[in-house]
Every structure is written in C-alpha cells, then in structure tokens.
Amino acid sequence: MRPLTEAETRAVFEKLGKYIGENIQLLVDRPDGTYCFRLHRDRVYYLSEKLLKLAASVPRDSLVAPGTCFGKFTKSQKFRLSVTALDFLAPYAKYKVWVKPGSEQSFLYGNHVLKSGLGRITESTAQYQGVVVYSMADVPLGFGVAAKSTQECRKVDPLAIVVFHQADVGEYVRNEDTLT
Amino acid sequence: VEAVLAAAEEQEAEKRRSITVEKELELEFDLGNLLAVDRNPPAAAALRGAGPRREALLRALARYNTQLLVSRLWELPAERAGGAGGPLVAQLPEPTFRLPREKPPPKPRPPTRWEQFARLKGIRRKKKTSLVWDEQAKEWRRRWGYRRAGGDPSRDWLAEVPAGADPEEDQFARLRREKRERVARNELNRLRNLARAHRAGSAAPAAPLHPTGHQDRDELRRVARVARVSTASLGRFQPRLPKEPAEPPSRSSGKKRRFEPLLGNLAAERSRQLELLRDMGSKKPVLDITRAVNKQLRQEEAEAAAANKGKKQSKRGKRGRRQQRPGRSSKKSGARRQPPQQKAAGGGR
C-alpha cells in the first residue's frame with residue numbers, strides 16, 4: 001500500500017472529474033474526517049485516516065482491500081473506474097440519466113441504454129460526457145458515458161444508443177469474485 | 001572398328017599420362033596442410049579473357065599441380081591402419097604454413113576492483129621468493145601449501161584467547177569459521193569480477209546520438225530522451241512537443257522508485273491534492289465551443305416554438321429576447337460564477 005504519485009493522482013482526478021466535476025473537492029476535503037487515496041496492488045482505495053492506520057499494520061500479502069475501491073490502474077497505467085465507486089459518485093454527480101423501469105433490467109445486465117429506455121436526462125449534457133444512471137425512483141444503478149448530447153437525444157430514433165454502459169450494480173453479482 | 005579402338009587407346013593413354021611433370025620452379029609443399037604452392041608465372045596471354053581455352057588451361061594447370069602433390073604424398077611413410085586388411089594411412093608431417101585466425105582475437109578483460117585500485121594508488125607487484133626459511137625446521141620451505149614454512153595451521157594445539165574476546169568462546173571454532181569466511185569472500189569477489197568482465201564484454205555498443213539516416217522509432221525516442229535530459233536542470237523545464245506524453249517527475253531517475261511515506265503528513269497531502277485540482281480546473285477552456293453551439297441551437301428552437309405560438313408578439317418577443325440575452329446565463333458568465341463560489345466555499349471551511 002502506498003500513496004499515489006502525482007501522475008497517478010492526476011489520472012484519478014481527471015477520471016473522477018468527468019463524472020462529478022469540481023465536486024472532487026468534497027471528497028478530498030471532508031468536514032467529518034481526513035480521507036485519503038491509497039494504492040494497493042494497482043487498485044486505488046478511498047479510506048479514512050483511522051482505517052488507514054489500522055490497515056498499515058496488516059501485512060501486504062494478507063491485505064485484501066483497505067477502504068472502498070474506486071478503480072484500478074491497468075498495465076499501461078490507465079485508470080479505470082469501477083462500480084464500487086458509485087456510492088461516492090452518485091451524490092455529487094453533475095449529469096444524470098434516468099432510466100425507465102422497463103429497461104432497468106437491461107442496463108443491469110450490462111447493455112447500453114437505448115433511446116426507448118431513456119426517462120430523463122440532465123439538460124446541457126455534452127456528448128461523451130460522463131453520466132450517472134439512476135432508476136426512476138432515484139436509485140443509482142451505475143454510470144456510463146453519454147453517447148449523444150441532450151439536443152441530439154431528442155431527435156434521434158428510439159433504437160439508438162444514448163448512454164454507453166460502463167459499470168452497473170449488477171456487477172456485484174456477475175463479477176463477485178473479482179471485485180474488491 | 002579400328003577407329004573406335006584407336007580412340008579408346010588414346011583415351012586410356014591420356015588417363016595414364018606420365019606422372020613426371022616438368023616445371024621451371026619447384027613447388028613448395030606443406031604436406032601437413034596438404035598444401036602445394038606453385039610460383040611459376042602462368043602464360044598471361046592465354047589467361048586473358050574468359051573462354052574454353054582459358055578453362056582448358058586452368059584445368060591442365062590444376063591437374064599437373066595435384067599430380068605433383070599426390071606423388072609427394074605417396075612418398076610419405078605409410079602404414080596399414082586397423083590391422084592387415086585396413087586402409088593405407090600416410091603419416092603427415094607437422095604443418096609449416098601458418099593459417100590466419102578463424103575467429104577474431106579475444107578482447108582484453110576489464111581490470112578487477114583490486115587492479116583498478118592498485119592502478120589508482122600506484123601499487124606495484126612485489127616479487128616474492130617462492131621458498132622461505134623456516135627457523136623451526138631449519139630448512140627452506142614453501143611460502144604456502146604442502147609443508148609450508150609456518151607449520152600446518154590445522155595442527156596447532158594452542159590458540160590464545162585474544163585480549164578483548166569472550167572467555168567462553170571456542171577459539172579453534174572461531175579460527176575455522178574465519179577461514180571459511182575468508183575463502184567464501186574471496187570466491188564471491190572472484191565471481192563478481194568474472195560477472196563484471198562478462199557483462200562488460202556482452203554490453204551492447206551504445207547507439208550513436210547524432211542523427212544517422214538509419215535509426216528506428218525506438219532508437220530515436222531513446223536519443224530524444226537523452227537529449228532532453230542533457231540540460232543543466234536535467235530536462236525538467238524542457239518544453240514538450242504537442243503529442244509527447246508527459247513523464248512523471250522522478251526524483252531518483254535511477255533504478256529504485258521512491259514513494260511518499262504511507263502515513264505521512266495527511267494535511268500536506270490534502271493541500272497538495274487541492275492545489276492539483278485547482279490547477280486542473282483552471283486549465284479548462286472558459287468558452288466551450290460545442291456547449292455554446294448547443295446553447296445557441298436551443299435558443300433558436302425556443303424562439304421558433306414561441307414564434308409559432310404567438311405571431312403577434314413575434315417581433316417584440318425576438319427583440320425582447322435579444323435584449324435579454326446578455327443578461328441570461330451565457331457560458332462565460334456561468335463559468336465565471338463558479339470559481340468564486342468554489343473559492344468562497346474553500347475559504348469558509
């Protein structure tokens with residue numbers, strides 16, 4: 001376990017910034033405690049100082065996961081956000097997409113969101129903007145990338161993809177053994 | 001029939017040509033290498049120009065010289081190998097002709113650590129006598145080895161306890177252990193020297209740093225990195241090309257990476273991250289072209305919808321809306337509004 005280098009921190013913040021924008025500050029600088037990012041076996045974890053001190057006394061080979069895993073660095077040093085970060089992205093998300101009840105299941109199985117399943121979308125979403133996907137009852141289901149801007153979403157035909165799927169809460173069941 | 005017989009006889013006579021060949025200069029023979037050297041100048045006129053005559057002449061020359069060599073070989077002492085029925089084997093003399101090297105000569109090995117040190121200090125080898133006078137045995141004994149001058153160290157029946165040593169320690173065991181350690185250390189150093197020599201020998205020759213025409217992309221990248229790092233501040237402030245990836249600053253750009261301590265100053269870490277966020281935020285373009293275009297499109301749509309609804313108010317509505325536009329939240333003022341909010345929020349905490 002070690003702190004992130006500056007290049008790694010930059011990569012992580014850029015990725016997070018795509019979904020929550022400047023609200024990363026609220027993750028870094030919290031009123032209810034000191035939270036920090038640590039790297040353990042190429043995965044980035046977000047944990048409080050108290051947990052950090054406890055985890056520091058666990059040997060490296062036995063440590064499975066300190067804190068919440070936000071994502072991992074691939075072999076070519078690209079940062080990939082994982083679904084376990086959803087709890088921290090959802091409250092601060094800038095661009096949201098609501099999905100109709102009929103196609104919630106489809107999204108949870110890993111498919112993209114089609115125009116026919118789109119319930120609501122935040123105004124002025126740019127194309128390829130990171131978005132958080134909610135159900136109509138405001139339950140966060142996952143996140144993705146907007147395939148079309150809001151303007152285009154209105155004009156496009158019902159079977160076109162409007163949100164590319166990146167992660168959903170169904171992965172907790174599908175990838176049970178690889179999630180940390 | 002007679003013609004055929006005559007032709008056959010001629011052929012046979014040719015085969016059994018005389019084995020004595022006359023030459024102006026004698027050939028030089030090196031029977032150990034099966035070599036015969038003919039220094040007779042050939043008929044230059046006949047050798048000029050390719051053709052069947054030249055071929056025939058060369059063939060005849062080769063035949064003559066081979067005949068001489070073989071007749072010499074038959075003169076050598078021979079014996080039957082493998083008993084009476086085996087083949088006849090000639091015993092070749094030692095070769096006299098020195099053949100050139102087949103492989104390049106070996107490179108001199110690099111000096112060992114001691115050799116470098118000795119050269120630096122100017123230490124020279126002192127010639128030591130091989131035999132030393134042994135007072136006890138009253139004779140000349142070797143310096144080291146079998147029956148050495150100082151007596152066999154393994155047969156010493158007395159080992160003094162040195163002044164500052166633990167009285168309970170076994171001195172004989174200590175001596176044996178130290179000898180073992182000395183031997184091991186020597187061996188280690190010898191192997192290290194060997195490894196260093198081996199590595200120096202097989203190290204790839206450094207590619208030239210100036211541009212030749214034949215460098216591939218990886219070589220050029222390496223050379224560019226060397227060039228960038230060869231400044232006074234080790235390339236930290238060198239401007240990068242548009243598509244060159246930014247390398248993370250490594251304090252020790254050697255083999256070992258160094259990281260911040262795990263539980264270091266968390267407040268400092270937090271402030272560093274906030275600064276990083278601020279830098280990242282300030283670099284974003286204030287006027288985003290696509291968003292401005294989208295906003296414009298939306299406004300035009302809204303205007304078109306309103307114009308369709310109330311045609312009476314169309315002119316006034318448009319003018320009114322145009323006047324209202326600067327006051328409305330355009331991208332510029334919206335973006336400008338946000339950073340002051342951030343800073344206020346940060347200051348308030």
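We name chains A, B, ... by the order of the sequence lines, and we start the count at 1 in each one. Heavy atoms only: backbone and side chains are in, while hydrogens, waters and symmetry mates are out. The shown structure was predicted, so the numbers you read here are calculated from the model rather than taken from an experiment.
Atom CD of B:E115 has more than 12 heavy atoms from other residues, nucleotides or ligands within 6.0 Å. With a 6.0 Å radius and a threshold of 12 heavy atoms from other residues, nucleotides or ligands, B:R113 has its CZ atom at or below the threshold. Environment of CZ in A:R174: crowded, with over 12 heavy atoms of neighbouring residues, nucleotides or ligands closer than 6.0 Å. In B:E187, the CD atom is crowded: over 12 heavy atoms of neighbouring residues, nucleotides or ligands sit closer than 6.0 Å. Sparse packing is recorded around NZ of A:K72, with 12 or fewer heavy atoms of other residues, nucleotides or ligands lying under 6.0 Å away. Under a cut-off of 6.0 angstrom, the local environment of OH in A:Y109 is sparse, with at most 12 non-hydrogen atoms contributed by other residues, nucleotides or ligands. Heavy-atom contacts from other residues, nucleotides or ligands closer than 6.0 Å to OH of A:Y128 number 12 or fewer. When the shell of 6.0 Å around CZ of B:R177 is examined, it contains more than 12 heavy atoms from other residues, nucleotides or ligands.
Closest heavy-atom contact between B:L266 and A:E49: CD1-CG, 3.2 Å. Contact detail for A:R38 and B:L262: the closest heavy-atom pair is NH2-O, 2.7 Å. Shown here for B:P261 and A:P3, the closest heavy-atom pair between the two residues is O-CG, 3.4 Å.
Looking at A:E14, the atoms closer than 4.5 Å to chain B (heavy atoms on both sides) sit in the backbone and in the side chain alike. At a 4.5 Å heavy-atom cutoff, the contact between A:S124 and chain B is made by backbone and side-chain atoms alike. Contacts of B:Q273 with chain A are made by both backbone and side-chain atoms, with heavy-atom separations under 4.5 Å. Interface remark: A:F37 contributes backbone and side-chain atoms alike to the contact with chain B (heavy atom separation under 4.5 Å). Residue contact with chain B, scored on non-hydrogen atoms closer than 4.5 Å, is absent for A:Q127.
Annotation: the span from B:E269 atom CD to A:T9 atom OG1 amounts to 8.0 Å, rounded to 0.5 Å.
A:V28 is listed as a side-chain neighbour of B:R270, based on a closest heavy-atom distance under 4.5 Å.
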Does the side-chain contact (heavy atoms from CB on, under 4.5 Å) test come out yes or no for A:R10 and B:L276, once each step is laid out? CA-CA 7 Å; A:R10 197 181 287 268; B:L276 179 66; 3.4 Å; yes
